[in-house]
Structures are given as structure tokens and as C-alpha cells.
Amino acid sequence: MLTQIDHLGIAVTDLDSALALYGGAFGLVTNHREILEDQGVEAIALQVGESTLELLRPIRDDSPVGRFLTEHGPGIHHIAYRVEDIEAALAHAQAAGVRLIDHTPRIGLGGAKIAFMHPKSTLGVLSELVQRP
Ligand code: CO
């Protein structure tokens, strides 16, 4: 059902200094930058081979990433898995007892269909499913 790790989401307080690190020290290239109003973040996707790092800066303190930063500081925020059929994957996970945050997919960074699952039911790790066009 999960075909690969699509990306890791990293919560940061400042996108430009994060870019200076990942672009400068590690030579990663930005392939996308976008504000996602419904998630309350500005996001940058950095290509790492066939996978991606998603740098997330809250645009509102009361957004999920804003609350995460307040509680934990910068760090790994979520892990995202690629699926071919996100509706089927969500139904399968829910039937297996996983608590869903998004019962229907929404549009995420770069136009992908995404859905989050609750970290309390995934061993403390906020987990995301991603279906790419
Ligand atoms: Co993500």
C-alpha cells in the first residue's frame, strides 16, 4: 500500500536560514515554494534524490506547525508515505484502527492529494499519505 517515503516534514522558524543550511551546507535544490493557507504554513520542497524534504514555517502561531514549534522547537514534524490510491489507503488504515485527521484527502504542496493520520495512533509520529498525479 505504501510505495515509498515521499517526504519528511521539518518544522522551522525561519525558512531563509533553513534554506541557507540545506541549500548551502548540503547543496540541495529548491523545487517548489508555496503558502498553504488551510495548513497555516509556508512550505519549501527540497529535492533529495527521489525523495523530498519539506521545510515548514508557520504563518500563524495557532496553526498545527506553530503549536508544534511552541511545544517542541524546530525538528522533524511528520513523515509522508506515497500511495497510489489515497482513498483506499485511508479506508484500509481506518479499518485497521488508525485514527484519521483527514477523512477525505485535501490538496497539499505541489497539488498532491494528501491526508494526515493522528500521531496518537501511529506510535507518536504524525503520518501523512500522499498521492501524486
Ligand atoms: Co508533508
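In each ligand, atom 1 is the first atom listed, and ligand 1 is the first ligand listed.
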R57 bridged to D14 by N-O distance under 4.0 Å | no
For residues H78 and H7, establish whether the separation of their ring centroids is below 6.0 Å.
-> yes
If you measure from the Lys or Arg side-chain nitrogens to the Asp or Glu carboxylate oxygens, is any gap between R132 and D6 under 4.0 Å?
-> yes
May I have the list of side-chain donor-acceptor pairs in residues 20-32 shorter than 3.5 Å, sequence neighbours left out?
{"unit_1": "N31", "atom_1": "ND2", "unit_2": "Q47", "atom_2": "OE1", "d": "2.3"}
{"unit_1": "H32", "atom_1": "NE2", "unit_2": "E34", "atom_2": "OE1", "d": "2.5"}

Nearest-0.5 Å distance, CG of residue D85 to NZ of residue K113 = 7.5 Å
Ignoring waters, protein N/O/S atoms under 2.8 Å from the Co ion (ligand 1) are H7 NE2, E54 OE1, H78 NE2, E128 OE1
Using 4.0 Å as the upper bound for N to carboxylate O, is an ion pair formed by R60 and E37?
-> yes
